[in-house]
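Report on one structure; see the data block that follows.
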Amino acid sequence: MLAITADAEGRAVRDRRPVPVGLVAALLALLALFGARLAHAEDGYELWLRYHALPAAQAATYRDHASQLLAGDATPTQQAIRQELLRGLGGLLGKAPPLEDTVTRDGAIVVGTPASSPLVARLKLDTAGLGHDGYLIRSVVIDGHPGTVIAGQDDVGVLYGVFHFLRLLQTEQPIAQLDLRQSTRMKLRLLDHWDNLDGHVERGYAGASIWDWQKLPDWLDPRYTDYARTNASIGINGTVLNNVNAQPAILTPLYLDKVKALAGVFRPYGIRVYLSVRFSAPIEVGGLKTADPLDPQVRRWWRDKADEIYRLIPDFGGFLVKANSEGQPGPQDYGRSHADGANMLADALAPHGGIVMWRAFVYSQTNVDDRAKQAYAEFKPLDGAFRDNVLLQVKNGPIDFQPREPFNPLFGAMPRTPLMMEFQVTKEYLGFATHLVYLGPLFEETLAADTMARGKGSTVAKVVDGELDGHALTGMAGVANIGADRDWCGSDFDQANWYAYGRLAWDPTLSSRAIAEEWTRMTFGNDEAFVKPVVDMMMLSREAVVDYMTPLGLHHLMGHGHHYGPEPWDASGPRADWTPVYYHRADKQGIGFDRSSTGSNAVAQYAPPVAAQFDDVRRVPDAYLLWFHHLPWTYRMRSGHTLWDELVTHYTRGVDDVKKMRETWGRLDGHIDAERYRKAAVFLAIQQKEAQWWRDASIAYFQSLNGLPLPAGYPAPEHPLAYYQALRFPYVPGHGP
Ligand code: GCV
């Protein structure tokens, strides 16, 4: 009998020895498995952890540095480390190096902590200075043999180091002379899922929730492990499982058991679970008559609930709370402050080491003041009033995850309170899943913004990572874009936003371009003719969406409720600050929200030098012009154009940029697998169609107000305004129950 096997390069090899029947069966089973893998070959499921075989020459070089593996398996995290190394090296190099106990040849990879590995201990590395979760990767000589050590102070640090090491291989970096050291100041690096218990994801564009509550706690979908691995690969160390518009049932024993099961899957990967809680849960779940945070019975209820949770999940992270915002209950229902509410929960969690993330996304229907000012007005006076285990979670901008916003004025304004960044990874306002918009530049722009709060260089990143005001409890949250779609995020390019968020949560000073390149190489391969144009395209994409949706500081012009497409004319209820006309304030004469010192004076919430710049129409960056100023259509811009002409130029440039992105992609056929290529091509076509729609509908509407002609050479909207106004979309994903 002849057997066909494969050599390290995957070439078929004939073997003339007889093969036992059992082996044939095993081979057939393997083939079936391989076939199944091929069936899903490039459906995006593997994300950036594909570990597909590297080119033969590159793999051969790496094999010299991966001749044997020394990795313990005494803890679940160590087992996860081993598995990842075997899987990663096995895939990338064609064959994983053997696991051994002693270094016997050149090219060993040694992983562990000084406590878990006598070899690492013997090397006397400076792991203590790495801090929690930190790691180093170093080329060393062990027992006379050159090798590589991946070490941390704790198991999770080692796991992160292993992912970093694999990334070096995936991106084909040299590994012969390594001396890398990585630590983070960001203690909490979290994903916030807006997942409801019925499986619907609020503002989710990638299918249903990945949490199968019905089958939990018994059925642990293997996807949960892949979720944990993927997050660990970018340093994410916590997940808030449910929507901030929280259903009280999550706190019942039925659901807590399910939460416990998920926590068990995530634990080896260094990921803790957190829950969003509804402030009125003591009434709905506890049967009390009130949820007043100063009521002794309410306080006891939360203490008991915290005790119950920690009995089940000893490393439970804590609570995320949306209170007195958009109809959610909160302490103000009882005449108490946000600090009273947060502190009550903090007191319940403190004995167990848990934390409260209290959201600053608060604005009121009855407050007639500029919505952009309300969170600051509410929270700034409470600086210093929160317990030590409370963080205030602040959205990047003062309104709501728009394509571009100035940084939130709370950053830098509350030195005695740890402020946690909240970014939105899901693209609620940036074209959902089908628009290719790489969010790295948006995140980077916010983090690099200088609040000037403690002088020059007081960047938002330094506020958030605690450096500016000396906070040890620090964090970042990203509203997840993950769903049950096979590709996790609704599109392959949206995976880059999950990736970029995680990388920046670990190190907020990273460059978004460098992150895009890393991601592209890991996700699609290292073909230089592909990588460069794709990274350029990604870097262009954020400015493109700003241009075709909301140029020059415009904001909140999208469809009512569902947020799909343009509706700048919308003036419907139930509240003014949910309508575009509230934000653009356009009429026959001009456009823009006057937040200057002669308007709502929102500028005064920024540190004086920033306030002065934003207040001055000649100094405010064009990108924020209509955010802070109301100007005549004929206002002369720096470019020499009138404001109206400039606006039309930007709208048109946005569409042109999408056309360019499409052309770029069009030239890349054949460089990657057909499945992912085709999906991105179709999505780019959708994006072009919708960018045109945004441009044309916006121009048609504003032109109906100002009656001005379009600048020469700029085409008129394809349809009359009435056409765009008549469009209806009753079943938009991510919206409503
Ligand atoms: C979870 C916006 C979104 C809501 C979201 C809210 C929030 O208003 O449209 O869906 O609710 O922000 O962040 O709480």
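One-based numbering, in listed order, for ligands and for the atoms of each. Remember, it's a predicted structure, so these values are computed and weren't measured experimentally.
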For ligand 1 and [X], I'd like to know whether there is a polar contact (N/O to N/O, distance under 3.5 Å).
{"X": "Asn243", "value": "no"}
{"X": "Glu202", "value": "yes"}
{"X": "Trp194", "value": "no"}

Protein heavy atom at shortest distance from [atom]:
{"atom": "atom 14 (O) of ligand 1", "result": "Lys322 NZ, 2.6 Å"}
{"atom": "atom 8 (O) of ligand 1", "result": "Glu326 OE2, 2.8 Å"}
{"atom": "atom 12 (O) of ligand 1", "result": "Lys395 NZ, 3.1 Å"}
{"atom": "atom 2 (C) of ligand 1", "result": "Asp400 OD2, 2.9 Å"}

Are any of the heavy atoms in Arg359 under 4.0 Å away from ligand 1? yes

Over 60° means perpendicular and under 30° means parallel, so classify the ring planes of [Y] and [X], tilted if in between.
{"X": "Phe379", "Y": "Phe386", "answer": "parallel"}
{"X": "Tyr701", "Y": "Trp569", "answer": "perpendicular"}
{"X": "His338", "Y": "Trp358", "answer": "perpendicular"}
{"X": "Trp194", "Y": "Phe401", "answer": "tilted"}
{"X": "Tyr606", "Y": "Phe628", "answer": "perpendicular"}
{"X": "His563", "Y": "His556", "answer": "perpendicular"}

Derivation and outcome, ring-ring contact (aromatic ring centres under 6.0 Å, His included), residues Trp211 and Tyr227: CA-CA 11 Å; Trp211 317 132; Tyr227 169 86; 5.1 Å; yes

For [X], counting its heavy atoms only, list the atoms of ligand 1 lying under 4.0 Å from any of them.
{"X": "His563", "result": "9 (O)"}
{"X": "Val244", "result": "1 (C), 14 (O)"}
{"X": "Arg203", "result": "3 (C), 4 (C), 9 (O), 10 (O)"}

What residue among Tyr429, Tyr205, Tyr548 forms ring-ring contact (aromatic ring centres under 6.0 Å, His included) with His435? Tyr548

Applying ring-ring contact (aromatic ring centres under 6.0 Å, His included), run through Trp693 and Tyr564 and close with a yes or a no. CA-CA 11 Å; Trp693 168 32; Tyr564 175 61; 5.2 Å; yes

Specify side chain, backbone, both or neither for Val479, according to which of its non-hydrogen atoms lie closer than 4.0 Å to ligand 1. neither

Only heavy atoms count here, so choose which of Tyr363, Tyr429, Phe361 is nearest to atom 7 (C) of ligand 1. Phe361

Between Gln328, His562, His735, Glu428, flag the one that comes closest to atom 9 (O) of ligand 1 by a heavy atom. Glu428

